[in-house]
Structures are given as structure tokens and as C-alpha cells.
Protein chains: 2
Amino acid sequence: MARALTAKGAATRQRIIDGAAAEIRERGVLTTTLDDVCRRTATSKGQLFHYFPDGREQLLLAVAEREAERVLEDQQPHLGRLTTWDAWQAWRDAVVLRYQQQGMNCPLGVLITELGRSTPAAQAVTGRLVERWQYELHAGIAGMQRSGRIAAELDAGRTAAAMVAAVQGGVTILMSTGSSAHLEAALDTSLLFLRLSR
Amino acid sequence: MARALTAKGAATRQRIIDGAAAEIRERGVLTTTLDDVCRRTATSKGQLFHYFPDGREQLLLAVAEREAERVLEDQQPHLGRLTTWDAWQAWRDAVVLRYQQQGMNCPLGVLITELGRSTPAAQAVTGRLVERWQYELHAGIAGMQRSGRIAAELDAGRTAAAMVAAVQGGVTILMSTGSSAHLEAALDTSLLFLRLSR
DNA sequence: CCTAAAATAGACCCGCAAGTCCAGAATCCT
DNA sequence: AGGATTCTGGACTTGCGGGTCTATTTTAGG
């Protein structure tokens, strides 16, 4: 892809991704058409296929990558500094708040279910996200172990994996029921577990 | 729906649901067309719309209800008899096995994400499933508390909610990455938590 | 400036799949 | 038996949306 891209072109391309992401967040992947994206971003089909020659699928993948970034960004700066119990609590609150605000639309989740089956590229996006997320939690737990606030015997890697799963599940349930009760229970129970292990 | 339904008619209707469910399990909701279902179940468009006047959406909802039943059925008899640690372990193994076999296709999950946004009926299906699932786990925990194997102070309801979320998340990650590591970590950590609390 | 490349516009094509319709076969009921 | 009802088949319509094509405008840069 030795593609020449002027500043204006790059801006348009980004505008398309952002607009598509917003549209998807509001109305879902399935009901979002390329014409919708064009209307919203004040672009034309020509431009869309100019910047995404492989069409819809390529655009969705770009959106998925962007949304995956957001997932982690929105947990910062807490996620990167899980060195005290207060920090863990702040992180927990940030996660709950973020997903309560997003409500029942999880663009990333739907994108993955739509793309994941066919494209290995989409699977890679999810894989990397889960990996990074788990890595951050792992680092947090390990740090707390070093400072003696969590028992050293605890398997930090497995516990981090379990926490990622718990949050993911809480979000999924929030998505389909509208209630954040499960997400909160999952987070609180996870934190309680970390405390208990000591 | 004061609809007359002969025995033959009811059988055909069921055959359509089963065939659609199988097709969806194999190839996904998005790529399953009504013609696919007709071909597989040796029926015609006429029949399909005869039994599901509201078309595709109504059929998908019926399939979702059926799949929701399966989710709980496949965890039995373990889920109903969580009275010993061995039983919990057997349940854990059953869940892991079931989803490993299902692989990356979670018909229910995709059905919900496709239907959930629009239809409140689909939301109700999910809601009921989560509720019943959580109820069973709650009962199991409460029983273990009564027999003194789990600390009485533990909030059984919230813990059950957290476990449902954890399993759900593990399944979601299994779906998009193909690895059951997170599901297993989530289940094992949950059980460890129950044991630890004592 | 002037030219080549990139950006933009939007009309058009085309296939697919949901949904319609009607005719004919099987069945129920009394 | 026979009329009503339900069941079945499949050809047909229709709309939507992804993707193509070409003409025009804008920008880069020498």
C-alpha cells in the first residue's frame, strides 16, 4: 500500500472513520450503511472507496481498531497506576461510569461478532485488546504483591485473566439488559477477592 | 394468536426452528438466509411465512428462546445440584466442555446483539436467562452456606451475579479468540473465591 | 502557471434476500 | 362425502445497499 496521502486526504479518511464509529455507536453495525456514513461525514461513495478500496469490511476493521484503543484509553490514567487500593477503586468506578454512559451500545462487541467469524484480522484486534488489558491488570496485581498488599502466592496472570473476563461479561450483560448490576458485582467481587487473598 | 395448528403443522413449525438454529450455529446469524433455512428443512417460503407471519425477526426470536433453554439444559444436572465442592467442579468442567465444543459460534450472543437493539422481546429472553442462571448459582451458594462450607457473611446474590458475568465474559472471549483460557480462569478463580471466603 | 496526481461528487449497476401471492395438495370436521 | 381449513410449493416482486465508473475540481510541486 504505497499510497500517497495528502494532509487533506488523511483528514477526510479520519473523518470517515470517526463518523462511521459514531454512527455505529448510535445505531449499531448492522443498520449502518455506507450511505449513512457518507451522509453523516459529508462525503461521497467515491471518497469512501478511495480511502477504503476493500469497502465496508476494511472500514469496519478500521473502526474496530479505533474503538479498541478507546476501550483502554477510557480506563486511563487509573489502569496504568494500580498501586493502591484507592487506585483500584477509582479504576472500578471509571469502568462502571464509562459503560453506564455508553449504555446498551457496545460497538466493539458487535463489530467483533460480525467481523470475527470471517476475518482473522478482526480476531487479531480483539486478541491484542484482551492481551493488553490483561497485561495492565497483571502489572497492577504484581505491583501490589511486591508491596505486600496482595498475597504473593496468588497467580497474578490467571487472576488478571479472570478479571478481564468478569468485566467483559458484566459489560455484555449491561448491553443486553441495560442494568449495570452485574458489572458492578463482577468488579466488586474481583476486588474483594484480591483483598481476601492476603 | 388464536391460530389453529394441526399436529403436522406444529411439527413443521418446530422443524423450521430446529433447522434455523442448526444453520445459525454452523454459519452465523448474519449469513443465514431464509432460503438457507428452507433448503435445510425441506420447506418453502410459503410455509415459513405461514408459521412466522412477521418473518425473519419472529423466527430469530423463536430460535433465541430455544437456544436460551439449551444454555441452561446443557449445564444440567450439575447446575441444579451444587451441594458439594465436587459438584461445583463438575459443573465447571461441563461449562468449559460445552463451550469448547461449541467453539467460536455463540448463536445466542449474536442473536441478542442483532435483535436486542430493536426488540424488547429479545431483551426479555436474555433477561430471563441471566436471572434463572443467577438464581441457580445463588441457590447453590446458599446451600453451601447452610452446610457451613461457605462463609455465611458472603453476599450470595452478588457473588452469583459476579459469577454469571465471569462465565459470560469468558465465553465472549472464547468466541472471539478461540481460546478457553479466560473462561477457565474465570471459573477457577470464582471457585477459589468461594473456597477462600470460608 | 502548468501538469500530474489526488480528492470529490454522485449517478448507476447489480445481486441478493426478504417478503408476497396464488394455486394446488393434504387434512380436518360433521 | 364434501366443504372448509390448513398446509405446501415456488415463481415473482421489490427495495436496499455494496460496489463501480467517470467526470470534475482541487492540490502539490517544479
Side-chain angles (χ1 to χ4, degrees), chain A residues 1-21 23-24 26-64 110-111 114-115 117-119 121-122, chain B residues 1-20 23-24 26-64 110-111 114-115 117-119 122:
Chain A
M1 240 206 228
R3 137 95 86 7
L5 234 294
T6 71
K8 189 180 180 187
T12 301
R13 191 188 140 97
Q14 192 57 47
R15 197 171 80 246
I16 292 175
I17 295 177
D18 291 341
E23 192 76 22
I24 287 170
E26 287 171 23
R27 330 196 345 178
V29 188
L30 302 156
T31 53
T32 295
T33 71
L34 296 187
D35 294 282
D36 289 338
V37 175
C38 288
R39 217 170 304 123
R40 176 171 202 131
T41 60
T43 52
S44 62
K45 278 278 185 66
Q47 294 176 73
L48 217 159
F49 280 85
H50 180 66
Y51 295 111
F52 303 93
D54 293 340
R56 181 183 165 84
E57 196 164 303
Q58 190 183 357
L59 172 61
L60 291 185
L61 186 62
V63 171
V110 186
L111 279 165
E114 178 166 7
L115 290 174
R117 214 168 305 275
S118 46
T119 8
Chain B
M1 242 209 225
R3 137 95 86 6
L5 235 293
T6 71
K8 190 179 179 187
T12 301
R13 191 188 140 96
Q14 193 57 47
R15 198 171 79 245
I16 293 174
I17 296 177
D18 291 342
E23 192 75 22
I24 288 170
E26 287 173 21
R27 328 195 346 174
V29 188
L30 303 156
T31 54
T32 296
T33 72
L34 297 187
D35 294 282
D36 289 339
V37 175
C38 288
R39 215 170 307 122
R40 177 171 201 130
T41 60
T43 53
S44 63
K45 276 278 184 66
Q47 295 175 72
L48 216 159
F49 280 85
H50 179 66
Y51 296 110
F52 303 93
D54 293 341
R56 180 184 166 85
E57 195 164 304
Q58 191 183 357
L59 173 60
L60 290 185
L61 186 61
V63 172
V110 186
L111 279 165
E114 177 166 8
L115 290 172
R117 214 167 304 273
S118 45
T119 0

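Labels below follow one simple rule: chain letters A, B, ... track the order of the sequence lines, proteins then strands, and each chain is numbered from 1. Remember, it's a predicted structure, so these values are computed and weren't measured experimentally.
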* Can you tell me how far the OG1 atom of B/Thr33 sits from the CZ atom of B/Arg27, to the nearest 0.5 Å? -> 7.5 Å
* Structure fact -> Sorted by position of nearest nucleotide on DNA chain C, 5' first, the leading residue of B/Ala7 and B/Thr32 is B/Thr32
* Could you state the CZ-C1' distance from B/Phe52 to D/dC7, rounded to the nearest angstrom? -> 14 Å
* Roughly, in whole Å, what's the span from CG in A/Asp36 to P in D/dG17? -> 7 Å
* Stepwise, does the side chain to side chain contact (heavy atoms under 4.5 Å, CB included) test hold for A/Asp35 with A/Lys45? -> CA-CA 7 Å; A/Asp35 294 282; A/Lys45 278 278 185 66; 3.6 Å; yes
* Between A/Leu48 (CG) and D/dC21 (C1'), how many Å, whole number? -> 16 Å
Return the polar atom pairs (N/O with N/O) between nucleotides 8-10 of chain C and the protein under 3.5 Å, or none.
from: C/dT8; atom 1: OP1; to: A/Thr12; atom 2: OG1; distance (Å): 3.3
from: C/dT8; atom 1: OP2; to: A/Thr12; atom 2: OG1; distance (Å): 3.2
from: C/dT8; atom 1: OP2; to: A/Gln47; atom 2: OE1; distance (Å): 3.0
from: C/dT8; atom 1: OP2; to: A/Tyr51; atom 2: OH; distance (Å): 3.1
from: C/dT8; atom 1: O5'; to: A/Gln47; atom 2: OE1; distance (Å): 3.3
from: C/dA9; atom 1: OP2; to: A/Gln47; atom 2: NE2; distance (Å): 2.4
from: C/dA9; atom 1: N7; to: A/Ser44; atom 2: OG; distance (Å): 3.2
from: C/dG10; atom 1: O6; to: A/Gly46; atom 2: N; distance (Å): 3.2

* **Interatomic spacing from OG1 in A/Thr12 to OH in A/Tyr51 - rounded to 0.5 Å** => 4.5 Å
* Take atom CD of A/Gln58 and atom C1' of D/dG19, then tell me their distance rounded to the nearest Å. => 13 Å
* What is the distance, rounded to the nearest whole Å, between atom CD1 of B/Ile16 and atom P of C/dA18? -> 14 Å
* **Where B/Val63 and B/Ala20 come nearest, the two heavy atoms and their spacing** => CG2-CB, 3.8 Å
* To do: Rounded off to whole Å, could you give me the CZ-to-P distance for the A/Arg56 and D/dG17 pair?
  => 10 Å
* May I have the distance from A/Phe49 (atom CZ) to D/dG18 (atom P), rounded to whole angstrom? => 8 Å
* Structure fact -> Walking DNA chain D from its 5' end, the first of A/Asp35 and A/Thr6 to be reached, judged by nearest nucleotide, is A/Asp35
* For atom CG of A/Leu30 and atom C1' of D/dC16, their distance in whole Å -> 15 Å
* So do the side chains of B/Leu48 and B/Thr41 get within less than 4.5 Å of each other, counting heavy atoms only? -> no
* Who pairs with A/Arg15 by salt bridge (Lys or Arg N to Asp or Glu O under 4.0 Å), at least two apart in sequence or on another chain? -> none
